[in-house]
Amino acid sequence: MALKIYNTLTRAKEAFEPLEPGKVKMYVCGPTVYDYIHIGNARPMIFFDVVRRYLESVGYEVDYVVNFTDVDDKLIKKAAQMGVTVPEVANLFIEKYYEDAEGLGVEKATLNPRVTENMAEIIAFIDSLVEKGFAYENGGDVYFRTAKFPEYGKLSHQNLDELQFGIRVEVDERKENPQDFVLWKAAKPGEIFWSSPWGNGRPGWHIECSAMVRKYLGDTIDIHGGGQDLQFPHHECEIAQSESLTGRPMAKYWMHNGYININNEKMSKSLGNGVNVNQMLESLSPQLIRYFMLSAHYRNPLNFSAETIEQAKNGLARIDNCVSNIKHRLSTAGDGDVDPAVERAVRDVQTQFEQKMNDDFNTPDAVTAFFELVNAANLHMQQKEVSRSSLERLLQQFEAMDKILGILTKAEELLDDEIEQLIIERTEARKAKNWARADEIRDLLTERGIILEDTPQGIRWRRK
RNA sequence: GGCGCCAUAGCCAAGUGGUAAGGCAGAGCUCUGCAAAAGCUUUAUCCCUAGUUCGAUUCUAGGUGGCGCCUCCA
């Protein structure tokens, strides 16, 4: 089965066919770098990382661009608060972004362009829109003339007449129409600015993505993604700008991930329930966070709570245990071919994994494939004699799937000498049937976070 | 007011026009010196009502409940 992607534009799953065979051009709206990234940012980061890895694993060459919005009202405000410049704020949080992204096991995008490095392109873009009559200047601001773009609303399936403008934010009286949006904002005294044909100012929010998509990936790209809240107005405006200018579709497939709730509530500043990624990483492993994020379908909401995290922790431990148990078994395994039952199980799991990923990136079912493999491996290891090749075949399959999801705990730490000695001593004690001493040592190590397990193949240890 | 989304076991979560995967938690058993890990067994009138159909949890309509967006929040 070939890959299918749910396209927000058509509200249907569509067969994925890249514009250019073998290549995928993908753009995901990145963060506004005015603060640490939070758990809500982490979802698209992890999900689209998985999309990108999967596309690469099936042979596509992926051009993956994620931008930084490094100038806007929030940055200006933050800079004032911190008593530093806007670029200083941006640089600080871009640095933090990279730390957190790495902490989440997110692979680096092909490119992370910044707004401020693309001013010339942005101004030229706006200029062309003005020239073509899609935009107009008023008092140093430039607005997009939505009336000139009849398809405005096609992504979010909104009817312009029905939208309620000015409910949430006051309508600027300099606009011809309330639905017009700003392309260029005149600078207020003391604000950071760039000079332009319309005077000193800075870009509106939406124009940056239009300009950078075009510059780095082209007039039409394959996949454009982001959080579902970006659907309207952000992506809608991008479409209006780009398609007015080029006369071509901006992107073939539009993908939007759902929200993360915290204890069943929307995460918001006013509730003060935000969770930053760097805080989260203090107590949760990257693999656990990824496992958690991928355990629900990307278009569905996902609830972050002590309970759901605990469940994820226990679920992931089952998979990790299995993998480390296979590795432990390796040292005592014999020669011989891959067991036919193992071979069959591995193939079934691989097929299942691919089918589910092909079905609009059904990661919850892809995780289920891990559990199927766990069960097959555990059953196989109940046998007295197993071959190294069978175990390696199983490990290979775990790794193949993990290359895409990135959920297996990697750490293969060594034990320090003292612990090593205690384990040896315990082995002796057990031989001598000195159960008291054996239990004492086991308890001692448990306190230090080492769990000992006696198996027919010797003592196995793992960290709690 | 407009446009949408969601409702599956104690919890999390897939899925299908032919009576429902997987995980967590719980219970019992097996294995174990005791454990752990693992295995086995066990837990669902798929929100309500009407309709379409031989047959609906799955499609349609209505209802109830929860949620999102409607100009700068991923």
Side-chain angles (χ1 to χ4, degrees), chain A residues 8 11 28-32 37-45 47-48 69 72-74 153 156-172 175 178-182 185 204-206 225-234 236-237 256-261 264-269 291-292 295-297 299-303 305 307-308 310-319 321-322 324-325 328 352 356 359 362-372 374-375 377-379 381-382 430 433-435 438-439 442-443 446 451-456 460 462:
Chain A
T8 306
R11 286 181 183 163
V28 172
C29 293
T32 300
I37 56 166
H38 53 71
I39 185 173
N41 297 302
R43 192 174 195 188
M45 285 167 70
F47 172 67
F48 287 107
T69 300
D72 88 323
D73 290 354
K74 291 193 290 281
S156 52
H157 306 91
Q158 300 280 348
N159 184 340
L160 270 189
D161 305 331
E162 305 289 355
L163 283 174
Q164 295 196 333
F165 288 95
I167 291 291
R168 240 179 56 176
V169 175
E170 211 176 312
V171 174
D172 196 311
K175 292 178 180 179
Q179 65 266 31
D180 291 351
F181 55 91
V182 68
K185 250 180 148 160
W205 178 35
H206 316 300
Q228 69 177 190
D229 52 321
L230 295 184
Q231 219 177 95
F232 190 93
H234 187 55
E236 199 70 71
C237 295
H256 295 96
N257 63 271
Y259 268 115
I260 291 204
N261 293 321
N264 285 316
E265 282 181 320
K266 180 179 171 171
M267 180 172 67
S268 71
K269 285 240 162 71
Y291 174 92
F292 170 73
S295 68
H297 188 85
R299 283 189 277 119
N300 289 152
L302 178 60
N303 187 40
S305 69
E307 194 182 3
T308 53
E310 180 65 19
Q311 288 180 11
K313 206 176 269 181
N314 292 336
L316 182 57
R318 179 171 159 83
I319 302 174
N321 279 346
C322 178
S324 71
N325 291 352
H328 176 258
Q352 185 188 346
K356 294 306 183 176
D359 183 14
N362 188 335
T363 57
D365 276 354
V367 169
T368 294
F370 271 78
F371 284 107
E372 305 281 345
V374 164
N375 189 245
N378 285 337
L379 280 171
M381 284 191 292
Q382 294 213 314
R430 290 190 73 232
K433 295 203 193 301
N434 183 354
W435 308 127
D439 289 350
R442 188 168 60 195
D443 291 345
T446 303
I451 294 173
L452 292 190
E453 295 168 0
D454 302 321
T455 77
R460 193 164 67 193
R462 62 189 163 90

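Residue numbers begin at 1 in each chain, while the letters A, B, ... track the order of the sequences. Note that these values count all heavy atoms, side chains included, but never hydrogens, waters or copies made by symmetry. Here the structure is a predicted model, which means the values were calculated and not measured.
Of the inter-residue distances, the one linking A:Asn321 atom CG with A:Glu453 atom CD reads 6.5 Å to the nearest 0.5 angstrom.
Here B:rC12 is the nucleotide among B:rC69, B:rC12, B:rG39 with the atom lying nearest to any side-chain atom of A:Gln311. Here the nucleotide nearest the side chain of A:Asn375, chosen from B:rG39, B:rC3, B:rA14, is B:rG39. When the nucleotides B:rC72, B:rG23, B:rA37 are ranked by their closest atom to the side chain of A:Tyr291, B:rG23 comes out on top. Nearest to the side chain of A:Thr32, among B:rC24, B:rA74, B:rC72, sits B:rA74. The side chain of A:Phe181 lies closest to B:rU71, out of B:rA35, B:rU71, B:rA14. Picking from B:rU71, B:rA74, B:rG22 the nucleotide with the shortest atom distance to the side chain of A:Thr368 gives B:rG22. In this structure, the nucleotide among B:rU71, B:rA37, B:rG15 sitting nearest to the side chain of A:Asp359 is B:rG15. Nearest to the side chain of A:Phe232, among B:rA21, B:rG33, B:rC70, sits B:rC70.
Comparing B:rA74 with B:rC59, their C1' atoms sit 34 Å apart, to the nearest whole Å. Of the C1' atoms belonging to B:rU57 and B:rA7, the separation is 12 Å, rounded to the nearest Å. On the C1' atoms, B:rA56 is 15 Å away from B:rA61, given to the nearest whole Å. The C1' atoms of B:rA14 and B:rA44 are separated by 15 Å, rounded to the nearest whole Å. A gap of 12 Å separates the C1' atoms of B:rC47 and B:rC6, to the nearest Å. As rounded to the nearest Å, B:rC29 and B:rG66 have C1' atoms that lie 41 Å from one another. When the P atom is compared between B:rU58 and B:rU49, the two are found 12 Å apart, to the nearest whole Å. Rounded to whole Å, the C1' atom of B:rA50 lies 45 Å from the corresponding atom of B:rC40.
Contact record, A:Ile37 with A:Pro31: CG2-CB, 4.3 Å, taken as the closest heavy-atom pair. When every heavy atom of A:Gln352 is checked against every heavy atom of A:Asp365, the shortest pair comes out as NE2-O, 4.1 Å.
Between the side chains of A:His256 and A:Arg299, not a single donor N or O lies within less than 3.5 Å of an accepting N or O. For the residue pair A:Gln231/A:Ser156, the side-chain donor-acceptor check at 3.5 Å is not satisfied. Side-chain atoms of A:Asn264 and A:Asn303 include a donor-acceptor pair closer than 3.5 Å.
Using a distance-only test at 3.5 Å, with no hydrogens or angles considered, a donor-acceptor pair links the side chain of A:Arg43 to the main chain of A:Gly258.
Contacts of A:Gln231 with the nucleic acid, taken as non-hydrogen atoms under 4.0 Å apart, are absent. Using a 4.0 Å heavy-atom distance criterion, A:Asp454 is classed as a base contact. A:Gly258 comes within 4.0 angstrom of a nucleotide base, judged by non-hydrogen atoms across all strands. Residue A:Arg299 is classed as having no contact, given no heavy-atom separation below 4.0 Å to the nucleic acid. Looking at heavy-atom distances under 4.0 Å, A:Ile37 makes no contact with the nucleic acid at all. Using a 4.0 Å heavy-atom distance criterion, A:Tyr259 is classed as a base contact. Among the protein residues, A:His256 comes within range of no part of the nucleic acid, since none of its heavy atoms lies under 4.0 Å from any strand.
The base of B:rG33 is paired with the side chain of A:Asp439 by a donor and an acceptor separated by under 3.5 Å. On a pure distance criterion of 3.5 Å, no polar donor-acceptor pair joins the side chain of A:Arg460 and the base of B:rA36.
Applying the side chain to side chain donor-acceptor pair (under 3.5 Å) test to A:His38 and every residue at least two apart in sequence or in another chain returns A:Asn41. The ring pair (Phe, Tyr, Trp, His ring centres under 6.0 Å) test applied to A:Phe292 returns A:Phe304, not counting sequence neighbours.
The aromatic rings of A:His206 and A:His234 sit tilted relative to each other, their planes meeting at an angle between 30° and 60°.
The base-pairing partner of B:rC29, taking Watson-Crick or G-U wobble contacts with both distances under 3.5 Å, is B:rG39. With a cut-off of 3.5 Å on both Watson-Crick or G-U wobble distances, the partner of B:rA7 is given as B:rU64. Both distances falling under 3.5 Å, in either a Watson-Crick or a G-U wobble arrangement, occur for no nucleotide opposite B:rU16. In this structure, B:rC69 and B:rG2 make a Watson-Crick or G-U wobble pair, each of the two defining distances being under 3.5 angstrom. In this structure, B:rC46 makes no Watson-Crick or G-U wobble pair, since no nucleotide meets both defining distances under 3.5 angstrom. If you check B:rA56 for Watson-Crick or wobble pairing at under 3.5 angstrom, you find it has no partner at all. Across all strands shown, B:rC34 remains unpaired; no Watson-Crick or G-U wobble contact has both distances below 3.5 Å.
Both A:Gln382 and A:Phe371 lie close to RNA chain B; mapped to their nearest nucleotides by heavy-atom distance, the more 5′-ward contact belongs to A:Phe371. Comparing A:Arg430 and A:Glu372 by the nucleotide of RNA chain B whose heavy atom lies nearest to each, the residue mapping closer to the 5' end is A:Glu372.
Rounded to whole Å, atom P of B:rG23 lies 10 Å from atom CD1 of A:Ile319. Whole-Å rounding puts the A:Ile451 CD1 to B:rA37 C1' distance at 10 Å. At whole-Å resolution of the value, CG in A:Leu302 and P in B:rC11 are 17 Å apart. Summarising the geometry, the separation between CG on A:Asn378 and C1' on B:rA36 is reported as 13 Å, rounded to the nearest angstrom. Protein atom CG of A:Leu316 is 11 Å distant from nucleotide atom P of B:rC24, rounded to whole Å. Look at CD on A:Glu236: it is 12 Å from C1' on B:rU71, rounded to the nearest Å. At whole-Å resolution of the value, NZ in A:Lys175 and C1' in B:rC72 are 10 Å apart. If you measure from atom CD1 of A:Ile39 to atom P of B:rC73, you get 19 Å, rounded to the nearest angstrom.
A:Asp439 and A:Arg442 are joined by a salt bridge, as a carboxylate oxygen and a charged side-chain nitrogen come within less than 4.0 angstrom of each other.
Regarding contacts with the backbone of B:rA36, every side-chain N or O of A:Asn325 stays at 4.0 angstrom or more from both OP1 and OP2. Dashed line: the shortest gap from a side-chain N or O of A:Asn300 to OP1 or OP2 of B:rA13 is not under 4.0 Å. Taking side-chain N and O atoms only, A:Arg11 has a distance below 4.0 Å to OP1 or OP2 of B:rG4. Between A:Asn314 and B:rC24 there is no side-chain N or O to OP1 or OP2 distance below 4.0 Å. For the pair A:Arg318 and B:rG39, the criterion of a side-chain N or O lying under 4.0 Å from OP1 or OP2 is met.
Side-chain contact between A:Tyr291 and A:Val367 is present, with heavy atoms from C-beta onward closer than 4.5 Å.
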Protein-nucleotides 64-67 of chain B N/O pairs under 3.5 Å:
none

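Residue-nucleotide stacking is present for A:Trp435 and B:rG33, judged by a side-chain ring centre under 5.5 Å from the six-membered base ring centre and planes under 30° apart.
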